[in-house]
Amino acid sequence: MPELPEVETVARLIRGPLEGRSIEGVRVEWERSLGGASRRAFSRSMRGARVRSVGRRGKYVVLALERAGAEAGFVLVHLRMSGRLHVDAAEEPEREYTRVACALSGGSELRFVDVRKFGRFRFVRDAQDVLGELGPEPLSSGFDGAWLHAALRARRRLLKPLLLDQAFLAGLGNIYVDEALFRARLHPLEASDRVSAGKAAALADAIRGTLTEAIEREGSSFDAFYRTPEGNPGGYQHQFQVYGREGRPCRRCGRDVERIVVGQRGTHLCPRCQPRPRRRARGTGR
DNA sequence: AGCTACTCCTGGTAGC
DNA sequence: TGCTACCAGGAGTAGC
């Protein structure tokens, strides 16, 4: 599933072919991919605009648009489970499951392909309306052990659901949360406000390290869905320590990796490296 | 405040 | 072989 490293890879690879191109026409095959806008309104907003820049915030690919050199809104693409972006020559055969396509100057086409239809290809006037709700970027300079420790203590939540909360920290999904918690030797059911400063620092390092290494390998292709815009699978799935490895030996200690369910999410951990938290004593705190 | 359950979707797969 | 039932999963929402 595309998380921060996959989205970063996509943004980097479509930047070259997209920046500076004008949008000459749009085709909408599945209207709900637009996230509420009508085909007509979407078309009107897009047609004639030029792609000024391509970036990423959290799990969003962000296209900044301009008209006559002035800001003209943004496209926010969320790939969710099965979304992909490709820039193809217009004469290339149609891709199966294409939901939205934008014809570009120079004879290419930006194609949003999404088997499961959960992804979104939205036009917004003000990107901050959406991106402003997100927590900090884990690879930004402001994210470190001290920040994380304070933020964890300000909440009373289970670690895993909190790290998946995009308003808390932007960009992590199911895979990288499991990998980062393993690396920091923290159990996913640990209470956020019981994580020590030292453990929080280890977790911050684990998050940054996992994401950085995954970006270097162009993300993870655990299932058939994620491919880079060039059609290649990522390579980080070969580095997984726990995700998808239930019943197989922990690479650190040899104990079988376990799979539990936390907040309706499949969750992978080594029961020896990540010991179960002690139950909070009744009446503690507050 | 934070938790659970449900919804959106479809290809793949387990079970019969 | 061919059918059905169920599953994964990010995020939004409702209800407790």
Side-chain angles (χ1 to χ4, degrees), chain A residues 1-8 10 28-37 56-62 76-85 95-100 112-122 124 129-135 138 150-180 188-195 211 214 219-227 233-234 237 240 242-247 259-268 277 279-280 282-286:
Chain A
M1 306 89 240
E3 306 178 24
L4 188 153
E6 291 76 28
V7 180
E8 178 66 27
V10 169
V28 178
E29 306 285 353
W30 183 254
E31 197 165 30
R32 275 190 239 174
S33 296
L34 304 181
R56 178 194 61 75
R57 174 79 170 95
K59 299 180 197 172
Y60 290 91
V61 175
V62 182
L76 302 181
V77 184
H78 199 305
L79 303 172
R80 291 281 181 94
M81 330 280 301
S82 60
R84 295 184 193 174
L85 288 172
R95 287 178 187 264
E96 203 178 358
Y97 309 116
T98 295
R99 308 305 181 191
V100 181
F112 176 62
V113 174
D114 186 19
V115 173
R116 289 190 179 163
K117 298 180 173 174
F118 280 9
R120 292 293 179 261
F121 193 105
R122 294 176 61 186
V124 294
D129 292 349
V130 177
L131 305 183
E133 301 298 314
L134 297 175
L152 291 173
R153 296 216 312 175
R155 309 292 200 91
R156 274 184 90 148
R157 293 184 61 185
L158 303 180
L159 270 187
K160 169 135 184 183
L162 182 56
L163 293 172
L164 286 173
D165 183 345
Q166 301 300 297
F168 179 77
L169 187 62
L172 293 180
N174 207 38
I175 292 174
Y176 295 107
V177 167
D178 284 4
E179 292 296 314
L189 295 175
E190 184 63 86
S192 64
D193 58 332
R194 297 180 60 155
V195 176
L211 295 176
S220 317
S221 294
F222 179 73
D223 52 31
F225 292 119
Y226 170 69
R227 291 294 181 275
Q237 64 279 11
F240 287 172
V242 288
Y243 189 83
R245 297 193 67 248
E246 60 268 30
R259 182 183 188 275
I260 62 176
V261 175
V262 179
Q264 289 98 244
R265 293 273 136 63
T267 298
H268 310 76
R279 269 174 51 82
R280 192 190 294 274
R282 287 181 53 193
T284 298
R286 253 338 82 177

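Side chains are part of it too, since the values below use all heavy atoms of this structure and drop only hydrogens, waters and symmetry mates. Just so we're on the same page: letters track the sequence lines, and every chain starts at 1.
We find that CZ of A:Arg156 is positioned 14 Å from P of B:dA1, with the value rounded to whole Å. At whole-Å resolution of the value, CG in A:Asp114 and P in B:dT10 are 10 Å apart. Between the CZ atom of A:Arg120 and the C1' atom of B:dT7 there is a distance of 12 Å, rounded to whole Å. If you take CZ of A:Arg99 and C1' of B:dC8, they are 13 Å apart, rounded to a whole angstrom. Note: CZ (A:Arg32) to P (B:dC8) measures 8 Å, nearest angstrom. Taking atom CG of A:Leu189 as the reference point, atom P of B:dG2 lies 16 Å away to the nearest angstrom. In this structure, A:Leu162 places its CG atom 8 Å from P of B:dC3, rounding to the nearest Å.
Remark: A:Lys117 is in phosphate contact with B:dT10, judged by side-chain N or O atoms under 4.0 Å from OP1 or OP2. Phosphate contact (OP1/OP2 of B:dG11, side-chain N/O of A:Tyr97, threshold under 4.0 Å): present. Taking 4.0 angstrom as the limit, A:Arg155 places a side-chain polar atom (N or O) nearer than this to OP1 or OP2 of B:dG2.
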Show your working on salt bridge (charged side-chain N to carboxylate O under 4.0 Å, His left out) between A:Asp178 and A:Lys160 and close with a plain yes or no.
-> CA-CA 8 Å; A:Asp178 284 4; A:Lys160 169 135 184 183; 2.6 Å; yes
Under the side-chain contact (heavy atoms from CB on, under 4.5 Å) criterion, do A:Leu4 and A:Arg56 qualify, and how do the steps go?
-> CA-CA 9 Å; A:Leu4 188 153; A:Arg56 178 194 61 75; 3.4 Å; yes
Kindly indicate, with the supporting measurements, whether the criterion side-chain contact (heavy atoms from CB on, under 4.5 Å) is fulfilled by A:Leu159 and A:Leu189.
-> CA-CA 6 Å; A:Leu159 270 187; A:Leu189 295 175; over 6 Å; no
Protein-proximity profile, nucleotides 6-12 of chain C, B/S/- by nucleotide at the 4.0 Å heavy-atom cutoff, equals --BBBB-
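If you take CZ on A:Arg116 and CZ on A:Arg99, they are separated by 12.0 Å, rounding to the nearest 0.5 Å.
A donor-acceptor pair under 3.5 Å links the side-chain atoms of A:Gln166 to the main chain of A:Gly171, judged by distance alone.
Annotation: side chain of A:Glu6 is in contact with side chain of A:Ser220 (closest heavy-atom distance under 4.5 Å). Between A:Asp114 and A:Arg120, the closest side-chain pair of non-hydrogen atoms is not below 4.5 Å. Counting heavy atoms from C-beta outward, A:Leu211 and A:Glu8 have side chains that stay 4.5 Å or more apart.
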Can you check nucleotides 13-16 of chain C for protein contacts, nitrogen or oxygen pairs under 3.5 Å, and list what you find?
none

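Between A:Phe112 and A:Phe121, the ring planes lie tilted relative to each other; the angle falls in the 30° to 60° range.
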